[in-house]
Trainee: 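Please read through the structure below; I'll follow up with questions.
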Amino acid sequence: QEAMTKPQFYLLWVAVFGNACSGMAILSTAKTLCTEVLATMAPAMVTTGFTANYVAALSGANATGRLCWAMGSDGIGRKRTYALFGLGIPLLAAIPTVVIPMAAE
């Protein structure tokens, strides 16, 4: 009850929620991103095997990142860790504005 009266609780919640949503959005559309966006830029490189490896690499990076962030946050502190998480939200929100013009070319 006391935690919900502090602004840090809501900032933490927004950072974790935004991080989880953006991560799931990228992972759930990884195959489509690879076949529709990367294939238009490098059609000879993007094959079925490449796409499968791309999705596997993203999943592996996600798992590794979870472990590294947990260990790293012990070293740099919780507040700094979540400040870095908060920076990820606008960066990931900007992806459509970068990718859509590339896919249109």
Side-chain angles (χ1 to χ4, degrees):
Q1 224 32 344
E2 181 184 341
M4 294 179 73
T5 63
K6 302 199 182 286
Q8 289 91 345
F9 172 79
Y10 296 101
L11 292 171
L12 175 65
W13 192 90
V14 167
V16 171
F17 180 76
N19 222 12
C21 287
S22 58
M24 291 306 296
I26 295 294
L27 286 176
S28 66
T29 60
K31 179 185 171 284
T32 306
L33 278 170
C34 191
T35 56
E36 291 184 8
V37 177
L38 293 178
T40 58
M41 293 186 277
M45 183 177 76
V46 180
T47 62
T48 306
F50 177 86
T51 302
N53 287 329
Y54 176 78
V55 173
L58 278 179
S59 298
N62 183 34
T64 303
R66 290 177 184 275
L67 293 172
C68 290
W69 274 117
M71 290 186 293
S73 70
D74 291 341
I76 66 172
R78 185 182 68 236
K79 288 183 181 180
R80 288 187 182 127
T81 300
Y82 283 107
L84 290 172
F85 279 173
L87 290 175
I89 295 170
L91 291 174
L92 289 169
I95 287 175
T97 58
V98 174
V99 170
I100 290 172
M102 288 180 179
E105 291 178 0

Trainee: Thr35 pairs by side chain to side chain contact (heavy atoms under 4.5 Å, CB included) with which of Thr47, Thr51, Thr48?
Mentor: Thr51
Trainee: Would a single hydrophobic cluster contain both Leu91 and Ile26, if residues Ile, Leu, Val, Met, Phe, Trp and Tyr are joined by side-chain heavy-atom contacts under 4.5 Å?
Mentor: no
Trainee: When you measure from the side chain of Asn62 to the backbone of Leu58, do you find a donor-acceptor pair of N or O atoms at a distance under 3.5 Å?
Mentor: no
Trainee: With hydrophobic residues grouped by side-chain heavy-atom distances under 4.5 Å, do Trp69 and Met71 end up in a single group?
Mentor: no
Trainee: What pairs of residues pass the ring-ring contact (aromatic ring centres under 6.0 Å, His included) test when at least one of them lies in residues 12-59, not counting sequence neighbours?
Mentor: Trp13-Phe17
Trainee: If you round to the nearest 0.5 Å, how far is CE of Met41 from CD of Glu36?
Mentor: 12.0 Å
Trainee: Should we count CE of Met4 as having more than 12 external heavy atoms under 6.0 Å?
Mentor: no
Trainee: Looking at every non-hydrogen atom in both residues, tell me the closest pair between Cys34 and Val46 and how far apart they are.
Mentor: O-CG1, 3.7 Å
Trainee: Side chains of Leu87 and Leu84: does their closest heavy-atom pair fall under 4.5 Å?
Mentor: yes
Trainee: Looking at every non-hydrogen atom in both residues, tell me the closest pair between Ala70 and Ser73 and how far apart they are.
Mentor: O-OG, 3.0 Å
Trainee: Can you confirm whether more than 12 heavy atoms, excluding those of Met24, are under 6.0 Å from its CE atom?
Mentor: no
Trainee: What distance do Ile95 atom CD1 and Leu33 atom CG have between them, rounded to the nearest 0.5 Å?
Mentor: 8.0 Å
